[in-house]
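So the structure is just underneath, and the comments pick up after that.
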Amino acid sequence: GKDGGKSARMLPFTSCWMFAIPALLYAINNNLVVFIQEFMDPASFQILCNLKIVSTAVLYRIFLKNRLSFKQWLAISLLLAGSVSNGLAGITSSGRSRSLSEIYVTIPGLLLILIYCSISGMSGIYTEYILKKYKQVSLHQQNVFLYLFGLAFNSMGYIMTSPGSSDGSVGGFFTGFSTWTVVIILTQSLNGMIMGFLFKHGNNIMRLFTISASMLVTTVFSVIIFSLQLNVFFYMALLSVMFALWLYYKK
């Protein structure tokens, strides 16, 4: 394929190890998401994990040396507000009021959220860095190395943490898999390829806007499929994200 008017070339074998770093960070964060659920309720996690918008923007400025104007920082703040509002829309539209006993956030949970958001930002920043460092290398080849390392790290985690169940029985690797599991795997793989394209030809801030917009699309599909009732929080989220997008890219 073509990229910037030059033919794509192969990635130097000695540079392949660089993809192990983001693969390890992604593997850690994917498992951290599950671990955090022990220290807070899912709704609180859904709201607090939006802090990765801020962590990504800050790390984007520090490590990639890309200066952001006051207007762009304001847009990112609006994006955060819109994402949080969209999370609140989903919680308050669950069809029943949520009691205080269901909402809990512990100190370890907050610390883990901060770690999660920091790793999320760093993994995105580093991925953008190496994809653009070898811009003439095919994105598909770069994805192969990234996911091969990811497969290796996650396989190691599986082997170390899944010797067998507490009653001595051992489940197969595909225990619990269903058609929907395969669908999720395929959609997440496609999502990973899209994110890789954004990293290589766009940047992390563009990725943040894409993720926030996708949450709004998910809400719309929830209305169609699950008859979710829209409320004021959703409309606030929609307006915030749209205005943030306009403000960030306004000349």
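As the structure is a prediction and not an experimental result, all values here were calculated from the model.
Counting non-hydrogen atoms of neighbouring residues, nucleotides and ligands closer than 6.0 angstrom, the OH atom of Tyr129 reaches no more than 12 such neighbours.
Note: Leu238 CG to Thr219 OG1 = 9.5 Å, rounded to the nearest 0.5 Å. Between atom CG of residue Asn66 and atom CG of residue Asn204 there is a gap of 9.5 Å, rounded to the nearest 0.5 Å. Remark: Tyr249 OH to Ile205 CD1 distance equals 8.0 Å, nearest 0.5 Å. With rounding to the nearest 0.5 angstrom, the CZ atom of Phe13 is 10.0 Å from the CG atom of Leu11. The distance from atom CG of Leu112 to atom CD1 of Ile107, rounded to the nearest 0.5 Å, is 11.5 Å. Within the model, atoms CE of Met10 and OG of Ser15 stand 12.0 Å from one another, a figure rounded to the nearest 0.5 Å.
Judged by distance alone, with hydrogens and angles left aside, the side-chain atoms of Asn86 form no donor-acceptor pair with the main-chain N or O of Gly82 at under 3.5 Å. Looking only at distances, a side-chain donor or acceptor of Thr181 sits under 3.5 Å from a matching main-chain atom of Ser178. With Ser120 contributing its side chain and Tyr116 its backbone, the two residues share no donor-acceptor pair below 3.5 Å. Side chain of Gln142 to main chain of Tyr134: a donor-acceptor pair is present (N/O by atom type, distance under 3.5 Å, no hydrogens or angles). Panel note: side chain Glu128, backbone Ile125; no donor-acceptor pair is recorded below 3.5 Å. Listed for the Lys132 side chain is a donor-acceptor partner under 3.5 Å among the backbone atoms of Gly202. Checking side-chain atoms of Ser240 against main-chain N and O of Ala237 turns up no donor-acceptor pair under 3.5 Å. Ser55 contributes a side-chain N or O that, together with a main-chain N or O of Lys52, makes up a donor-acceptor pair within less than 3.5 Å. Looking at Lys250, its side chain never comes within 3.5 Å of a backbone N or O of Lys71 through a donor-acceptor pair. Between the side chain of Thr127 and the backbone N or O of Pro22 there is no donor-acceptor pair closer than 3.5 Å.
Nearest approach of Ile211 to Ser214, heavy atoms of both residues: O-OG, 2.5 Å. The nearest pair of heavy atoms linking Asn50 to Met215 is OD1-CE, 4.1 Å. Taking every heavy atom of both residues into account, Gln72 and Leu68 meet most closely at OE1-CA, 3.3 Å. Across Lys200 and Lys135, no two heavy atoms sit closer than the pair NZ-O, 3.2 Å. Residues Gly87 and Gln46 come closest through the heavy atom pair CA-NE2, 3.8 Å. Of all heavy-atom pairs between Met236 and Ser85, the closest is CB-OG, 3.5 Å.
Cluster annotation: Phe145 is not connected to Tyr147 through the hydrophobic network of ILVMFWY side chains, with a link wherever side-chain heavy atoms come within less than 4.5 Å. Hydrophobic clustering (ILVMFWY, side-chain heavy atoms < 4.5 Å, transitive): Leu114 and Leu59 are in distinct clusters. Taking hydrophobic clusters as Ile, Leu, Val, Met, Phe, Trp and Tyr residues chained together by side-chain heavy-atom distances below 4.5 Å, Tyr60 does not share a cluster with Leu78. Taking hydrophobic clusters as Ile, Leu, Val, Met, Phe, Trp and Tyr residues chained together by side-chain heavy-atom distances below 4.5 Å, Leu80 does not share a cluster with Leu239. Leu247 and Leu216 are not part of a single hydrophobic cluster, where members link through side-chain heavy atoms under 4.5 Å apart.
Exactly one residue among Val84, Val58, Ile76 makes a side-chain contact (heavy atoms from CB on, under 4.5 Å) with Ile53. That residue is Ile76.
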* Take Leu79 and Leu208 through the test side-chain contact (heavy atoms from CB on, under 4.5 Å) and record every step on the way to the result. => CA-CA 8 Å; Leu79 188 66; Leu208 294 179; 3.9 Å; yes
* Would you please test Leu230 and Tyr235 for side-chain contact (heavy atoms from CB on, under 4.5 Å) and show each step? => CA-CA 8 Å; Leu230 296 182; Tyr235 294 111; 3.7 Å; yes
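By the 4.5 Å heavy-atom criterion applied to side chains, Leu32 and Ile115 are counted as neighbours. Taking the side chain as every heavy atom from C-beta outward, Val220 and Phe234 approach each other to under 4.5 Å. Put simply, the side chain of Asn231 does not reach to within 4.5 Å of the side chain of Leu88, judged on heavy atoms. The shortest side-chain heavy-atom distance between Val33 and Phe45 falls under the 4.5 Å cut-off. At least one side-chain heavy atom of Phe63 sits under 4.5 Å from a side-chain heavy atom of Met122. Side-chain contact between Thr56 and Arg207: present, with at least one pair of heavy atoms (C-beta onward) separated by less than 4.5 Å.
Hydrophobic clustering, defined by side-chain heavy atoms of Ile, Leu, Val, Met, Phe, Trp and Tyr closer than 4.5 Å, groups Val144 together with Leu148. Counting side-chain heavy-atom gaps under 4.5 Å among Ile, Leu, Val, Met, Phe, Trp and Tyr, the cluster of Val182 also holds Leu186.
Inspection of the Ser123 and Asn29 side chains reveals no N or O donor paired with an N or O acceptor under 3.5 Å.
For Phe209 and Tyr248, the ring centers sit closer than 6.0 Å to each other. Between Phe70 and Trp73, the ring centre distance reaches or exceeds 6.0 Å.
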Pairs under 3.5 angstrom only: tabulate donor-acceptor contacts from the side chains of residues 187-198 to other protein residues two or more places apart or in another chain.
from, atom 1, to, atom 2, distance (Å)
Thr187, OG1, Val183, O, 3.0
Thr187, OG1, Ile184, O, 2.9
Ser189, OG, Ile185, O, 2.8

